[in-house]
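Structure, as structure tokens:
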Amino acid sequence: LDILPDPNLPEHLSAVIHQNETRYCSEIRLEGTPVRYFSAALSPMPSQPEISQEINLLQDAFENTGKLRGVMILTDETQARWAAERGVDFVANVSHELRTPLTSIQGFLETLNDNTISAEGKKSAMQIMQQQTTRMAHLIDDLLTLASLDETEQQALDSLIDFSAVVAQEVTALQEQAKDRPITLKLCTQKSVVLGNAIHLAQVVQNLLDNALKYGKANSEISVQLETLPVSALNTDQARLFDSTEVIRFSVTDQGEGIAEQHLPHLTTRFYRVDRNRSRESGGTGLGLAIVKHIVLNHRGALDITSAIGQGSTFTVTLPRIEFED
Ligand code: ADP
């Protein structure tokens, strides 16, 4: 009771010891940082126990201190509770993200029903409704991606992927889309083969390039680099993450406004945004970096983010390299 000062526990203990009852207590709170939660199952010892070795051992252990009256099994539920709460937050966030464009569409539909609306007003209402439905579709695509990543987490990575080909393909696609933005691409000459899923890896490259485009300044350069390195060239914290002898390092650098240091650890949290309005205006869902991090971890890699306010940001993905010669 000193350790677990739960107000209901004395009553449960008394019922077990004095009335021979079995009790279950679903929520015992242990203050501290973080607060921990336990469930407890309490049961009296039978007066004539079935003779089992464990019970005998327990009886022996208590010989000197008194009679064994009952057993309480405590289960630490902190982790499960945290996961459940996060699930609730997630549903609340998703609902909110869908509710905002939906409200806007509903509003414009009402406007369109009004016969006095000008042709110009009608055109602009249609345009906004189009943007909002695109936003909802992006959000649903990203949610489906996250759901499929949760499912594939345990799957073995068994396809050999040429990562430089993936990068080249995504950069070409981006160049089509952003003709006004100079993109410099430096690819290493060595083969960059990794074990993994080509569609997921392409999504990592696509999301990072997309962010560089969205958050970089107009007409500013985006620099994309791919290199191979021996693990010994990494700092010790990073090196211990890899059991390969070499890694590939892929980085995307933009010349945007940069990100303040206090935001960096949270950027990969689902729906976390530094500037909510800016993200929404540019069609962001707040899930892109969460997807990147999830895929990189599934590929036994690491994601690093460095940034300086006013200068830009660099997102770096490091993955174990497979030694492979044609
Ligand atoms: P979003 O869909 O909002 O872009 P992301 O998960 O891709 O969601 O990114 C989360 C947040 O991280 C963004 O809202 C933005 O505030 C910040 N961010 C991501 N990439 C960059 C970048 N290259 N430069 C500045 N901020 C960025």
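Note that the coordinates shown come from a computational prediction; the quantities given were computed from them, not determined experimentally. In each ligand, atom 1 is the first atom listed, and ligand 1 is the first ligand listed.
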Ligand 1-proximal atoms of [X], by part, heavy-atom distance under 4.0 Å:
{"X": "D210", "answer": "neither"}
{"X": "R278", "answer": "neither"}
{"X": "V274", "answer": "both"}
{"X": "D254", "answer": "side chain"}

Which protein heavy atom lies closest to [atom], and at what distance to 0.1 Å?
{"atom": "atom 5 (P) of ligand 1", "value": "L289 N, 3.6 Å"}
{"atom": "atom 8 (O) of ligand 1", "value": "G286 CA, 3.2 Å"}
{"atom": "atom 12 (O) of ligand 1", "value": "L267 CD2, 3.4 Å"}
{"atom": "atom 3 (O) of ligand 1", "value": "S279 OG, 2.5 Å"}
{"atom": "atom 25 (C) of ligand 1", "value": "I259 CG1, 3.4 Å"}
{"atom": "atom 7 (O) of ligand 1", "value": "N211 ND2, 2.9 Å"}

> According to the interplanar angle, ranging from 0 to 90°, do the rings of H299 and H200 count as parallel (below 30°), tilted (30 to 60°) or perpendicular (above 60°)?
Replying inline: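 Because their plane-to-plane angle is over 60°, the rings of H299 and H200 count as perpendicular.
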> When rounded to the nearest 0.5 angstrom, what is the spacing between OG1 in T285 and CZ in R270?
Replying inline: 11.5 Å
Decide whether [X] and [Y] meet the rule of one side-chain donor and one side-chain acceptor closer than 3.5 Å.
{"X": "S223", "Y": "T253", "result": "no"}
{"X": "E246", "Y": "T228", "result": "no"}
{"X": "H263", "Y": "Y272", "result": "yes"}
{"X": "E27", "Y": "S39", "result": "no"}
{"X": "T316", "Y": "D304", "result": "no"}

>> If I apply the N/O under 3.5 Å rule, does G284 come out as touching ligand 1?
In response: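 No; the residue has no nitrogen or oxygen that sits under 3.5 Å from a nitrogen or oxygen of the ligand.
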> Judged by non-hydrogen atoms, does G256 sit under 4.0 Å from ligand 1?
Replying inline: no
>> Check for me whether R276 has a heavy atom closer than 4.0 Å to any atom of ligand 1.
In response: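 Under 4.0 Å: no for R276.
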> Nearest non-hydrogen atom to atom 15 (C) of ligand 1 belongs to which of Y215, Y272, F315, F271?
Replying inline: Y215
>> Can you tell me if L102 has over 12 outside heavy atoms packed within less than 6.0 Å of its CG?
In response: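 Enclosed.
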